[in-house]
Each structure stands twice: as C-alpha cells, then as structure tokens.
Number of protein chains: 2
Amino acid sequence: MSSLRVLAQTLGLSITTVSRALDGYGDVALATRERVLAAAEAAGYRPNSAARRLRRGLTEIVTMVLPAEPGHFNEPLYIELMGSIGERLAEQGYDLTLIAALPGPDELKTYRRLVDGRRTDAIIVVRTRREDARLRYLTDSGFPFVAMGRSDFPEPYAFVDGDGEAAFHDAVLRLAALGHRRIGHLAAPSAFTFAHLRRSGFERASRQAGLSAEIVEDSANEAGGYRAAKLLLAQPELPSALLCATDSMALGAMRAIRERGLVVGRDIAIIGHDNIPAAAFSDPALATMELPIAATGRRLAEMALARIGGADPRDLTEINAVEFIARASLGEART
Amino acid sequence: MSSLRVLAQTLGLSITTVSRALDGYGDVALATRERVLAAAEAAGYRPNSAARRLRRGLTEIVTMVLPAEPGHFNEPLYIELMGSIGERLAEQGYDLTLIAALPGPDELKTYRRLVDGRRTDAIIVVRTRREDARLRYLTDSGFPFVAMGRSDFPEPYAFVDGDGEAAFHDAVLRLAALGHRRIGHLAAPSAFTFAHLRRSGFERASRQAGLSAEIVEDSANEAGGYRAAKLLLAQPELPSALLCATDSMALGAMRAIRERGLVVGRDIAIIGHDNIPAAAFSDPALATMELPIAATGRRLAEMALARIGGADPRDLTEINAVEFIARASLGEART
DNA sequence: AGGGCTTTCCAAAACGTTTTGGATGGCGTT
DNA sequence: AACGCCATCCAAAACGTTTTGGAAAGCCCT
C-alpha cells in the first residue's frame, strides 16, 4: 500500500533517496538508481497521484468543458478532437477530463468550481462566442486556459482556430468562377465566432465579385439547414449555389432541395464545412472544407501545457488554413 | 490559500470543527454550523480536491476508456454518451475523465496505470468484444468497472446493453412481412459483441422465416458498408433488402446501391442501426433503430457509482429494448 | 593535518483535508 | 456533593508524496 515507504524499506534506503532516484535526480549514485528502478519495476510501483498532486500543487489534469446543448451535442468533430488532445496530454502524463456545462446563467459556476477547487491545471474552452463571459472570467482569475476558436474578447489569450473567413471567401470566388451569380449562405447563429467569420468571408467575397448574396441564419444542424434552405428556395428568384456554415446544415439543405424537385449538383451547387464522415457518402457527395482536426487537438494540448508552464498567451495563437474538398455537389461549370 | 485553516482562524474555531460543520456531522452545535456555512459561502471556500482525495482514498473520478482507432473513432454516439454520463456523475460531485487506448498488445497498460496509480474510482469499458482481456483483468484486480455492451466473459460484471439480437430479429420479420425473400446483412466485425448479437438475430429470424440470407462482414463505418454492399450487389441474384449493423455502414451501402443504378427504397430496402443525425436526412431517409443513449449513459454512471459503493455486479445488468424507426428507405410492400 | 569540495544519502517538514480519541463544561440524577 | 451523561469542541495523527536543508564520508589540495 504505502508504496514508497515499503519500497524504501525493502531496499534499505530512505524514502527520499528512492523518490529522487525514480525522478532521475543527479543526486543518486548510478548503482543505487538502477537498483531502485529495478525494484520499482518488479513491485509494479505507481506513485499515488493524489499524494503527488497535493504536494506539488498540480493536478496533472486538463479539463475540456463541453457545451452540452442537447441538440447541438452530436458533432463528430469533438470526439476526434478529444482523442487527439487526450493522446498528446498522455505523453506528458496528463489526463483529460470532461465536463458538460450548459450555456446560460449557471455556465460560469462550472468554471468557478474547476478553478477554485483546483480540480484541474488548465481549461480548454470550445465553441467560443463573440461575447464570451468565460474568457473574461478565466482571464481575470489568471487561470491557464486555451480556446478552440476566436472571440471579440480584447485581451490576449491562447487559441487555435481555422481560417473560416478566408475559406468562405475562397469558396465564393470558386463558385463565381464556375459561373454562379446568385449564391445563398446558410449561416449558423452569429453569436458563435466561427459562424460570424464564415459569414464575413462570404459577404466580403460576394461584394468583391459583385454577386447577389442572400443569408439565412438558423441552428448549426441538419434541421436548421433544412429550414434555412426551405426559406431561400421559397423565393421567386432561386440561388444557383448554397454555401453552408457546416456539413450538417448542408445535409439538411440537400433534403430541402430534393423536396423542391431540384437536383443538387445540377440545379443547385452546394458546399459545406467540416468534412464529417457522412459528407463523402451523401447523394451527391458533398463538397466541403476541412480543418486538420487531429493536429488542432495536439496543438491545443501543447498550448495548455505551455500555459501551465507559465508561457505568455500572446505567443500561443494559431490560425490554420482550411482545405477545400471538391465533390460532386459542386456541379459543373455553368456558362 | 490554506483554506480550511484560514477559515477556522477567522472564525475562532478549530479546523476539525469547521470541517465537521461543513460535512454536516451532528457533532456541531446548530448555531456554529450556520456560522461556519455562512463564512464558507462568503469566502467562496472549495475544498482542495487533492487533499481530500489523499485522505479519503477516493478520487471522485470515473474514467471512460475510448477505443481510439483512428477510423473508428468518429461515432457520434460516444459524445452523447459522455455528455449524459458526465452530467449524472456531476450530480454526485464526480468528474468524468477520458483516456484513449488503442486496442492491441499495450491496451492493458492503460488500464493498469489507472488501477495501480489509483487515478480513478471506477472504469467504464465501451465497445466490448466477445473475448475481452480487459474484463478479465479488471475482474481479477477487483477494481470497480461497468461495461457498455456484453461479452462472452463468464464471470458476473455490471453492464448496460441494447437488445440488438431481438432488434435485428424483429427487423428481418418486418422485412419478410413486406414481401422480402432475399435479405442481405452487412455485418460489423464479429469480434465485437454488438456485431455478433445483431448478426445472430438476423440469422435466427432468417432461418425461422425460411429466407435466403447472405452476410458480408466489414468495418463498421461508411467505407466498410460501401465495400460490403458492393460485394453483395456483384452477385447474379440481388437481395431486395439490406440490413446493416450500423447507420454509417448503411450510408456507405446506399452509395454502392446508387452506383449500381438502383434506387434505395424502390429496388432495395435498407435498414440501419443507431439513428445518427445524418440518417434522417439521407436520400431517401434511412430507416433505423435507436437505443435511448442518454438514459444508457445515466444508467452507466449510476452503476459505476454503485460499484464504487460496493454493490454486487450481479444486480447491475440491464438490457434495453431498441426502438424501430420506419423511414422511406424501407420502401413499400412488394407482393 | 587541516580545510574545502563532491558525492551520496537522509530526517523532517510540508501540502490540506478527514478522522480518531479524547477534553471540557454544563446539566440532571442519585 | 458526587457521579454520570450529553453536547460541543479540539489536538494530533494520518494519507503518500516532494522538497528543503543538511550530514557523513571520501578525496584533493595546500
């Protein structure tokens, strides 16, 4: 049980020496270090994590807070993200813990419990919003955190994000080059920064190319895309292309298009974002854009560790390019 | 910082009394208890979790080990499952931590680290296999654990599972009632218990109804479903219905059917399992089956807590009914 | 020989909580 | 007045580790 003590006793050494031998201090003679390591291995010794955490004041835990809105939850991205974050953290002996927190008046309570109870060494904030009280609270409390996504929050903080603005700007120009003159955008709720940025890219490119651009905003899931597309398709002048904030919305939109008696890829081109697994297998296959999610997770983990080590958040900001994936839903050129 | 001590000092009480007051022992006069509670609230006191864990020998953590196979990872189910497990655990002051472990020779290392290092109070095992070394190890070590899914493992252990056997049996009879005589089954790798059970249900019903039944096994994702369906459709006599182990496989199969020039729901009926979000928005909408995943998560959490409390695993087994969801891919009756 | 330096080891304190085993004083009972 | 009992409180130990501040012994140099 009391492992370090037992180990020391059987070796005829002090607890101190055993501990230092295991941690690789130069303090210990090479011969004894090897003896200790062998004995520890043989006894299957694993340091008691609670004791080490208490003593060192570190939990060796990084916590990711999930925005657990019932309908919004099922985004395949997050599980891949968690996998890569967890893997990277494990290399450093850290664990990843998960907490669900509903956005709303009590959202900050979850964060306060984490911070005040010292239940974690760093927090990973996802699905950032343009006005985000969480960033304010964490910054004020001086607690290490990393965000996936940007925000209007003015003070410096560590984040990783995809360049959604450029990606959607680029996608519009791509559609324009194919001959589209009337492009609709199915936007996600613009309180979310990612949605705002994608919409901005869309708007900027539309102006630049002198296109007729219409925007409908709805939830970032299949049902939202379905409703938004239905609205756009009920107008007298139909768009010839739909640029959707997410693949889920795009799948919903494809259904609305079919129900209207039109054919995706022939009558209306459509593009999503995320490259979820189902996107490659829809009918027709959905053109989309992809953020390297595994790499993003690794970077988030590394940044969290860096922040725990006291790194300046100013040095920990990263905006990654988004890759365009052409598929059949893009259709042929039309001129 | 040293909060309990500070709190005691400002109150003019001993650490013992403050601690016992906060924990609600009858030991403390009502008046002082209230005084202590008020002061703790005012000071925003949160017990240091590492210290309490060390002293009580409990981590207040439950760990879910994710089978992190790169391609297999993106199953939307898991994120919803984690959300509901985490929520239920939080009600009891427990945290949910996540660890990724690749199946393979080193898989058990992850479990050993958790158990020997006392990093968690209970483990949740998912994606059980018929031969599952993890259940053997955890049972032998006497460590509290709960499984999502069954196994051939002979000793008693706590689990929640869906009744996939009955569900697939029922689905075959449903297809037979619609006039189908030649039904194919796209099976997931039968090392996984869920895949084996679904296949068994399919086989039992096929025999019972005297149907021609063919089975192809492949990975439980879109690509696997695509390959498996392609194989079945390359035969001289085509099946008129495909029963797929998962929705992801079904989406892959639908693509193979389209490429073969056939129409899903008219030429070939198709049924999946899981009711992933994309299923309702495929073309045609995918008939499927659904396990109440939020309820399952809650039960898993409750069982984990019960096992920590020393409950007998024999009393903690639950097999839930799966609900059939009819959609357009089921097609019309054909006689 | 004596002083300083290195190498190797260790006793004890500290982390913040929970729990054990009383101590104290007031009250009622005999 | 002596005794026991109850209500209320507390000092100290314990959990298992890391870290501080040396101690002891051997060596080299003057």
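Just so we're on the same page: letters track the sequence lines, and every chain starts at 1. What you are looking at is a predicted structure, and each value in this text was computed from that prediction instead of being measured.
- Relative to the ring axis of A:Phe194, A:Arg127 does not place its NZ or CZ within 45° and under 6.0 Å from the centre.
- In terms of polar N and O atoms assigned as donor or acceptor, the side chain of A:Ser14 never comes within less than 3.5 Å of the base of C:dA11 in a complementary pairing.
- The pair B:Arg20-B:Asp23 does not count as a salt bridge, with every side-chain nitrogen at least 4.0 angstrom from each carboxylate oxygen.
- One interatomic measurement links the two molecules: CZ of A:Arg56 to C1' of C:dA14, which rounds to 15 Å at whole-angstrom precision.
- An OP1 or OP2 oxygen of C:dG16 is reached within less than 4.0 angstrom by no side-chain nitrogen or oxygen of B:Tyr45.
- Distance B:Ile15 CD1 to C:dG16 P: 10 Å, rounded to the nearest Å.
- Between A:Thr32 and C:dC9, a side-chain N or O to OP1/OP2 separation shorter than 4.0 Å is present.
- The cationic atom of B:Arg112 (NZ for Lys, CZ for Arg) lies less than 6.0 Å from the six-membered ring centre of B:Tyr137 and within 45° of the ring axis.
- Remark: C1' of D:dC10 and OH of B:Tyr25 are 15 Å apart, rounded to the nearest angstrom.
- Scanning atom types as modelled, no donor and acceptor separated by under 3.5 angstrom connect the side chain of B:Arg55 and the base of C:dT17.
- With hydrogens and angles ignored, no donor-acceptor pair closer than 3.5 Å exists between the side chain of A:Asn48 and the base of D:dC15.
- For the OP1/OP2 pair of D:dT18 and a distance below 4.0 Å, the side-chain nitrogens and oxygens of A:Arg52 include at least one atom meeting the criterion.
- Remark: the B:Thr59 side chain and the B:Thr120 side chain contain no N/O donor-acceptor pair separated by less than 3.5 Å.
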